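Reviewing the structure listed below.
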Amino acid sequence: MSGIFGVASESDCMDDLYYGTDYQSHLGTEFAGMAVMLSEGRGEVHREIHRIAHGQFKNLLHGFYEEHSARMGVGAITSAAPQPIVVETRFGTLALVTTGLITNSDSLRSELIGQGAAFSEIQEGRANQSELVAKMIALGKDVPGGIENVFDRIEGSVSLLLMTENGIYAACDRASRLPLAIGRRDGTWAVSSETCAFSNLGLSVQKYVQPGEIVFFDSSGLKDTAGRSGTKRTCAFLWIYIGYPASAYNGVAVEPVRERCGQALARKETVEADLASGVPDSGTGHAIGYAMESGLPFRRPLVKYSPGYGRSYTPPSQEVRDQIARMKLIPIEEIIRDNRVVLCEDSIVRGTQLRNLTIRKLWSAGAAEVHIRVACPPLMFPCRYALSTRSPHELAARRAIRALEGPDIEDVSEYLDPASEKYGQMVEWIRNDLNCTSLAYLTQEEMVEAIRLPGDHLCTHCWDGNE
Ligand code: SF4
């Protein structure tokens, strides 16, 4: 996953680029970079990329920000390969950033190599996705034709920003799983994965890039749109977990969706409790909604200690990551002891951190009961469009099914139906594994209702396996 940002301005754009890119920090943990088209000299691009595992974007890129003056730039923060990519083509010098996951990148790379292309950014035997996309665009009859070529050929999903000497192209593939919003402030136009990047820069949303649409803009505004339209399938997980609470996608704000998820969880509650809370930070919005609907007080039995850690600090080993995760969440015994706690969580991926780092702390601090409420259905399928890190084996629901049925089961459809006996057995297995008093999930219908977009405009592959 990556967060991408681009800006074209009549005046210096460095403030917008630097802070706008920084507001993508929750979407990536590996690399951060910016590229600017210098105001003086045609086609001269300066770029800097840093690994952010041991530092934050704002510190690492501050020198680049201070040293440059430019009217146009793109930036990215990513959990994937380094970017922006800069390439020389017959369309001039291009700087490209992408987000998404191209699942047939190996075969596309082999095909291009067969045609004489060379790749320079190979990491662990894999092509850099943004370099692959840049090479495919370079083969087009023009830039929009090259982007169409990418959308014709890829499997998976990609949204991209391409800076040329004259302006910035912003494009989403024909399912538009990962949205891009265009914003404006007087003579400054910007584009961002996250609309939370706009508010404090004084930018307001002008439009969302549509499925398959290729938008071109410069400092004087939107110039052109091209592309073959597709069918919208915006990632529903953006609202539930991935996206920032202060953002909106396709005009639907994240935090109110999370509140509605919590309200829906509270409406079907069957237990009595003393307080409502959320796993910080991503369960907080859901918990506030739960408290609003149930009338229970919203309290914080666990608080996150973030000073000294920094949001994008990613230690190199799993052991150290686990240790830091264990240290970050601090229980408050005075709130927990003898209380029946409802704890809202955005989703359960593996469940190991929830069990070991959260629920265990509540029991140790004297909780009377711990009721886990999850703001989406059980995650059943790994993402093939945005997140590259999950395999089906690690998902808690799949571990439950394996334990109940043995390792070879392919058809999990009965486990998708919340009314089925098998669904109940699976949830009970996960509850037992988590060691909580009760466990309940939202249904897919309830989740989609909370998002308030038509179900067929959303990607819900994580939960139902549909395309
Ligand atoms: S599979 Fe899940 S995480 Fe991936 S795009 Fe679809 S809803 Fe989002």
Side-chain angles (χ1 to χ4, degrees), residues 1-4 24 26-29 78-80 98-105 129 151 154-160 171-181 193-195 208-212 230-245 247-250 252 254 257-258 260-261 282-283 286 345-351 374-398 412-413 415-416 441-467:
M1 189 83 182
S2 307
I4 56 180
Q24 319 296 321
H26 57 289
L27 296 177
T29 55
T78 180
S79 293
T98 66
T99 179
L101 188 64
I102 299 176
T103 51
N104 61 335
S105 60
Q129 174 172 295
F151 293 164
I154 61 153
E155 291 166 15
S157 207
V158 75
S159 296
L160 63 89
C172 295
D173 68 65
R174 295 183 191 120
S176 184
R177 283 191 170 81
L178 301 169
L180 292 174
S193 296
E194 292 283 0
T195 60
Y208 291 90
V209 179
Q210 295 303 303
T231 308
K232 192 178 285 173
R233 291 274 187 276
T234 310
C235 168
F237 213 34
L238 286 167
W239 284 279
I240 302 301
Y241 166 64
I242 303 170
Y244 207 70
S247 278
Y249 310 106
N250 300 329
V252 180
V254 172
V257 169
R258 293 184 185 170
R260 289 195 288 272
C261 287
S282 52
H286 305 297
E345 174 67 306
D346 50 82
S347 57
I348 297 176
V349 181
R350 300 170 192 83
V374 189
C376 66
L379 293 171
M380 203 63 89
F381 300 89
C383 173
R384 3 172 150 137
Y385 307 107
L387 312 166
S388 55
T389 49
R390 288 194 224 137
S391 83
H393 308 295
E394 61 186 325
L395 299 172
R398 291 302 189 117
V412 295
S413 52
Y415 289 93
L416 304 182
Y441 292 83
L442 274 193
T443 66
Q444 190 160 316
E445 290 69 31
E446 290 162 338
M447 177 184 76
V448 169
E449 211 174 294
I451 297 172
R452 292 191 178 162
L453 285 176
D456 59 3
H457 285 194
L458 296 171
C459 176
T460 50
H461 176 84
C462 283
W463 302 284
D464 58 19
N466 291 340
E467 295 297 312

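Note that ligands are numbered from 1 as they come in the structure, with each ligand's atoms numbered from 1 the same way. As the structure is a prediction and not an experimental result, all values here were calculated from the model.
Considering every non-hydrogen atom in both Leu379 and Ala397, the closest pair reads O-CB, 3.5 Å.
The distance from atom 6 (Fe) of ligand 1 to the nearest N/O/S atom of Cys235 is not under 2.8 Å.
Judged by the 6.0 Å and 45° rule, Arg398 forms a cation-pi pair with Phe381.
Looking only at atom types and distance, the side chain of Ser105 has no donor-acceptor partner in the side chain of Gln129 under 3.5 Å away. The closest side-chain donor-acceptor pair between Glu446 and Tyr441, if any, does not fall under 3.5 angstrom.
Listed by number with element, the atoms of ligand 1 under 4.0 angstrom from any heavy atom of His461 are 1 (S). Shown in contact with Cys459 at under 4.0 Å from a heavy atom are these atoms of ligand 1, numbered in order with element: 1 (S), 5 (S), 6 (Fe), 7 (S).
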